[in-house]
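Take a look at the structure below.
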Number of protein chains: 2
Amino acid sequence: MSKPATRAARRIAVIKALAHPSRLAIAEALQDGERCVCDLRDIVGADLSTVSKHLTLMRKAGLLDMEKRGLNVFYRLRCPCLMNFFECVDGLIPDKAPRKSGK
Amino acid sequence: MSKPATRAARRIAVIKALAHPSRLAIAEALQDGERCVCDLRDIVGADLSTVSKHLTLMRKAGLLDMEKRGLNVFYRLRCPCLMNFFECVDGLIPDKAPRKSGK
DNA sequence: GCTTTACTTGGCAGAATGGCCAAGTATTGA
DNA sequence: TCAATACTTGGCCATTCTGCCAAGTAAAGC
């Protein structure tokens with residue numbers, strides 16, 4: 001088992017790699033299978049260089065595999081449980097109620 | 001079902017709320033049950049005001065419940081699947097190999 | 001009512017992140 | 001070999017995030 005400190009650092013890297021609207025959109029788009037960078041650029045709506053950097057960050061965190069075929073680079077998701085986690089997150093309601101006290 | 005844009009924003013808020021070493025440590029500490037702020041301050045090792053801000057951010061994202069009893073405020077985790085997700089994340093290996101191409 | 005304790009919030013400065021533009025690299029077709 | 005295409009990387013600037021310090025608030029004990 002890896003060192004707790006290393007494990008925490010890796011967890012942070014993965015979570016940070018998801019903690020941005022464009023990268024979340026990328027992860028969601030890749031649920032249905034691999035896509036190339038220009039596909040993802042169209043989905044995300046940002047500059048190609050920006051998308052490329054997001055993809056690199058996600059890949060270095062271990063979230064994605066990449067495969068170059070001709071001119072295109074294809075990315076696919078490596079994390080099998082993301083959708084479970086996202087659905088679980090969807091069940092959370094942000095805190096809006098006033099703080100309760102006592103019991 | 002909520003609007004896709006709102007759902008994505010909520011997902012982002014939750015993931016961002018976890019994307020920091022101190023907040024990850026808080027989430028891990030709360031797996032075993034509720035804790036008060038000064039407990040969590042000892043675990044995280046940051047200033048009390050810093051920990052308090054992290055807790056507020058996590059609560060507003062929907063990750064935590066809070067309960068004031070006397071002088072102490074107790075926090076508990078609301079997200080049941082975090083540990084599953086963390087363990088899944090632990091199974092990912094960050095990308096170190098050179099990029100492969102072709103097939 | 002005052003003091004102590006636990007916690008929250010405001011202010012500010014520094015660190016980290018993310019955008020675009022431009023340049024660079026690799027691959028492919030002519 | 002050259003041009004076109006897909007993609008990556010460097011540079012710079014703006015935005016966001018996070019830390020500490022100090023001040024503020026609420027609850028409890030005396």
Side-chain angles (χ1 to χ4, degrees), chain A residues 8-9 12-27 29-30 34-61 63-76 95 97-103, chain B residues 8-9 12-27 29-30 34-61 63-76 95 97-103:
Chain A
I12 287 297
V14 169
I15 298 167
K16 279 191 172 189
L18 290 165
H20 184 280
S22 296
R23 294 195 295 274
L24 183 66
I26 288 168
L30 293 177
E34 68 178 14
R35 290 208 184 239
C36 66
V37 181
C38 49
D39 276 349
L40 295 168
R41 184 268 315 271
D42 292 340
I43 291 168
V44 168
D47 195 76
L48 194 57
S49 63
T50 302
V51 174
S52 185
K53 286 180 172 175
H54 284 314
L55 288 166
T56 296
L57 193 152
M58 292 174 83
R59 177 172 55 80
K60 285 185 191 290
L63 275 167
L64 305 179
D65 276 324
M66 68 177 284
E67 185 175 354
K68 192 173 172 68
R69 298 201 295 266
L71 287 171
N72 295 97
V73 181
F74 290 89
Y75 285 86
R76 74 174 70 89
D95 186 79
R99 305 179 194 172
K100 45 180 198 263
S101 61
K103 199 169 149 43
Chain B
I12 288 296
V14 168
I15 297 167
K16 279 192 171 189
L18 289 165
H20 183 282
S22 296
R23 295 197 294 274
L24 182 68
I26 288 169
L30 293 177
E34 68 178 13
R35 293 216 183 230
C36 66
V37 181
C38 49
D39 276 349
L40 294 167
R41 185 266 314 272
D42 292 339
I43 290 168
V44 168
D47 194 76
L48 195 57
S49 63
T50 301
V51 175
S52 186
K53 285 180 171 175
H54 284 313
L55 288 166
T56 297
L57 195 152
M58 293 173 83
R59 178 173 54 82
K60 284 185 191 293
L63 275 167
L64 304 180
D65 277 324
M66 67 177 286
E67 184 174 356
K68 192 173 173 68
R69 298 201 294 268
L71 285 172
N72 295 96
V73 182
F74 289 88
Y75 285 87
R76 74 173 69 87
D95 186 80
R99 305 177 195 174
K100 48 184 197 267
S101 61
K103 199 172 146 45

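In the text below, chain A, chain B and the rest are named by the order of the sequence lines, each starting its count at 1.
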Checklist outcome for this item: Here the distance between atom P of dA6(D) and atom CD of E34(A), to the nearest Å, is 17 Å

Checklist entry - Taking atom C1' of dT5(C) as reference, at what distance in whole Å does atom NZ of K68(B) sit? => result 10 Å

Checklist entry - Once you round it to whole Å, what is the distance between C1' of dA6(C) and CZ of F74(B)? => result 11 Å

Next on the checklist: Measuring only between side-chain heavy atoms, which start at C-beta, is D39(A) closer than 4.5 Å to C36(A)?
Outcome noted: yes

Next on the checklist: Working to the nearest 0.5 angstrom, can you tell me the gap between H54(B) NE2 and L64(B) CG?
Outcome noted: 12.5 Å

Checklist entry - With respect to the phosphate group of dC7(C), does any side-chain polar atom (N or O) of R41(B) fall under 4.0 Å of OP1 or OP2? => result no

Next on the checklist: Heavy atoms from C-beta onward define the side chain here; which of dC20(D), dT9(D), dG18(C) lies closest to that of H20(A)?
Outcome noted: dG18(C)

Item to check | H54(A) side chain near dT17(C) phosphate (N/O to OP1/OP2, under 4.0 Å) | outcome: no

Checklist outcome for this item: Per nearest nucleotide of DNA chain C, the residue lying toward the 5' end, L71(B) or L48(A), is L71(B)

Next on the checklist: At less than 3.5 Å, do the side-chain atoms of S49(A) and the base atoms of dC21(C) form a donor-acceptor pair?
Outcome noted: yes

Checklist outcome for this item: To the nearest angstrom, the CG-P distance between N72(B) and dA28(D) comes to 10 Å

Item to check | Nearest-angstrom distance from the residue atom NZ of K16(A) to P of dA16(C) | outcome: 8 Å

Checklist outcome for this item: CE of M58(A) to OG1 of T56(A), rounded to nearest 0.5 Å, is 11.0 Å

Item to check | Residue whose closest nucleotide on DNA chain C lies nearer the 5' end, V37(B) versus K53(B) | outcome: V37(B)

Checklist outcome for this item: Assign each of G45(B) and C36(A) the nucleotide of DNA chain D bearing its closest heavy atom; nearer the 5' end lies the nucleotide of C36(A)

Checklist entry - Are any of Y75(B)'s side-chain N or O atoms less than 4.0 Å away from OP1 or OP2 of dA6(C)? => result no

Item to check | Whole-Å gap separating P (dA6(D)) and CG (D42(A)) | outcome: 11 Å

Checklist entry - Once you round it to whole Å, what is the distance between C1' of dC17(D) and CE of M58(B)? => result 16 Å

Checklist entry - For S52(B) and dC7(C), is the shortest distance between a side-chain N/O and OP1 or OP2 below 4.0 Å? => result no

Item to check | Pairwise side-chain contact, V51(B) with I43(B), heavy-atom cut-off 4.5 Å (strictly under) | outcome: no

Next on the checklist: In this structure, how many angstroms lie between the C1' atom of dT8(D) and the CZ atom of R59(A), rounded?
Outcome noted: 10 Å

Checklist entry - Can you check whether R23(B) has a side-chain N or O nearer than 4.0 Å to OP1 or OP2 of dT18(D)? => result yes

Checklist entry - If every non-hydrogen atom of L63(A) is compared with every non-hydrogen atom of A17(A), which pair is closest and at what distance? => result CD1-CB, 3.7 Å

